[in-house]
Amino acid sequence: AAYAAFSNKKENAMFSKLEKIIGYQFQDTQLITEAMTHTSYANEHRVPKGKAVHNERLEFLGDSVLSLIITNHLFKNLSSKTEGEMSRIRSTIVCERSLREAADRIHLSEYILLGKGEEQTGGRSRDSIIADAMEALIGAIYLDSNFHEAEKFVLEHMKEIISHGMQGHLFKDYKTQYQELVQRHGESTIKYKILEEKGPDHKKTFVVALLLNDQMVAKGEGISKKEAEQFAAREAIRAHK
């Protein structure tokens, strides 16, 4: 009964599109709905006298499933590494930044159900919300099928991240990555310029432009200037590839 609030054609079509992108079709469609439902949306669409359904429990499960998948993969493929070395590698893979990176590759943020307030304050671009939804999706796939299917999903959609982690290429912030990228081709001047500030003082959203040799190459939006700069740098890295 608690899912009645979520059953509409628009969301069914949206989640069907997500299933095609990830290459997995849910037997129990309530699980994908729950995985993609943020607490803010659930609280706004609470069923009368019912329990708000959101993705926090699936995120809790998915975190453990992901950790086991990565642990198992490292154990099988890094036979020369010690327990401590494998723990350090795992921590670079099972982290908010890598989950956000993997989620971005399947455009997961577009499919998260957010409350109006959360949407207006930049929730759709917030690392924690996107990473949590990715973990919830892993948990949902595990519950809908089995460990093997969850493992298949993780190893496919986090393949590059896992590979980089195993090679010891730790995550650097996007601004540093972009700076190193352009410096390989000679000296270049990178600047960040605020284009816009939206919303009231306590809920501001910043739009920042990244300028390379005074030419705008990318824009980023975030709830702080620093976050907006990071997202602008990330977009610039993608445009460069």
Side-chain angles (χ1 to χ4, degrees), residues 21-24 31 34-36 55-109 112 125-185 222 224 226-227 229-231 233-238 240-241:
I21 291 168
I22 66 174
Y24 180 84
L31 282 168
E34 186 176 338
M36 292 297 101
N55 65 9
E56 286 186 354
R57 283 172 57 82
L58 281 175
E59 177 217 328
F60 171 76
L61 175 64
D63 178 59
S64 293
V65 174
L66 173 63
S67 188
L68 179 55
I69 289 167
I70 300 303
T71 302
N72 186 48
H73 188 74
L74 297 182
F75 185 83
K76 286 179 176 177
N77 293 282
L78 296 177
S79 56
S80 63
K81 298 289 185 186
T82 65
E83 180 267 341
E85 288 170 327
M86 286 194 294
S87 290
R88 281 191 292 275
I89 293 167
R90 183 179 61 191
S91 70
T92 69
I93 299 168
V94 184
C95 68
E96 189 175 275
R97 177 162 289 175
S98 66
L99 282 161
R100 167 72 198 253
E101 189 75 24
D104 283 351
R105 291 173 189 191
I106 57 173
H107 308 289
L108 195 66
S109 66
I112 300 171
S125 61
R126 195 165 289 133
D127 285 356
S128 58
I129 289 175
I130 297 168
D132 289 350
M134 187 68 175
E135 286 186 324
L137 184 59
I138 293 165
I141 291 170
Y142 168 74
L143 281 184
D144 192 61
S145 51
N146 50 46
F147 180 80
H148 173 71
E149 285 295 334
E151 183 179 47
K152 185 178 161 188
F153 170 79
V154 168
L155 295 183
E156 181 182 343
H157 294 288
M158 297 185 73
K159 184 178 180 180
E160 196 175 323
I161 291 159
I162 294 166
S163 175
H164 285 170
M166 288 169 68
Q167 290 166 30
H169 300 159
L170 306 183
F171 277 106
K172 297 173 184 175
D173 66 86
Y174 295 119
K175 287 174 72 174
T176 304
Q177 284 185 53
Y178 187 65
Q179 193 170 346
E180 290 177 355
L181 191 64
V182 298
Q183 282 175 349
R184 286 181 207 154
H185 305 287
S224 69
K226 285 184 177 179
E227 185 179 87
E229 287 175 358
Q230 288 288 344
F231 289 147
R234 186 187 67 189
E235 293 309 309
I237 290 166
R238 287 177 176 171
H240 196 276
K241 287 178 180 176

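Just so you know, residue 1 is the first one in the sequence shown, and it goes up from there. Fair warning: this is a prediction, and the values are worked out from it, not measured in the lab.
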Side chains of [X] and [Y], heavy atoms from C-beta outward: is any pair under 4.5 Å?
| X | Y | answer |
| --- | --- | --- |
| Glu151 | His73 | no |
| Lys76 | Asn72 | yes |
| Arg234 | Asp104 | yes |

Any chance you could lay out the side chain to side chain contact (heavy atoms under 4.5 Å, CB included) test for Glu229 and Lys175, step after step, and finish with the verdict? CA-CA 7 Å; Glu229 287 175 358; Lys175 287 174 72 174; 2.6 Å; yes
[atom1]-[atom2] distance between [X] and [Y], expressed to the nearest 0.5 angstrom:
| X | Y | atom1 | atom2 | result |
| --- | --- | --- | --- | --- |
| Lys159 | His164 | NZ | NE2 | 11.5 Å |
| Arg88 | Met86 | CZ | CE | 11.0 Å |
| Met158 | Ile93 | CE | CD1 | 7.5 Å |
| Leu58 | Ile141 | CG | CD1 | 11.0 Å |
| Ser87 | Leu74 | OG | CG | 9.0 Å |
| Arg90 | Cys95 | CZ | SG | 12.5 Å |

Residues two or more places apart in sequence or in another chain: which of them pass salt bridge (charged side-chain N to carboxylate O under 4.0 Å, His left out) with Glu235?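 Scan of Glu235 (salt bridge (charged side-chain N to carboxylate O under 4.0 Å, His left out), adjacent residues dropped) gives Arg238.
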Given side chain to side chain contact (heavy atoms under 4.5 Å, CB included), test Val94 with Asp63 step by step and report yes or no. CA-CA 8 Å; Val94 184; Asp63 178 59; 4.3 Å; yes
Nearest heavy-atom pair of Thr82 and Glu85: which atoms, and what distance?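 The answer is N-OE1, 2.8 Å.
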If you compare all heavy atoms of Phe231 against all heavy atoms of Ser125, which two are closest, and at what distance to 0.1 Å?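 That closest heavy-atom pairing would be CZ-O, 3.1 Å.
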Do Arg105 and Glu101 meet the salt-bridge criterion of a basic N to acidic O distance under 4.0 Å?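 The answer is yes: the pair qualifies as a salt bridge.
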When the side chains of residues 127-140 are checked against the rest of the protein, which donor-acceptor pairs come out under 3.5 Å, sequence neighbours left out?
from   : atom 1 : to     : atom 2 : distance (Å)
Asp127 : OD1    : Arg100 : NH1    : 2.6

Where at least one partner belongs to residues 127-151, residue pairs that pass ring-ring contact (aromatic ring centres under 6.0 Å, His included), sequence neighbours excluded: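 Matches after skipping sequence neighbours: none remain.
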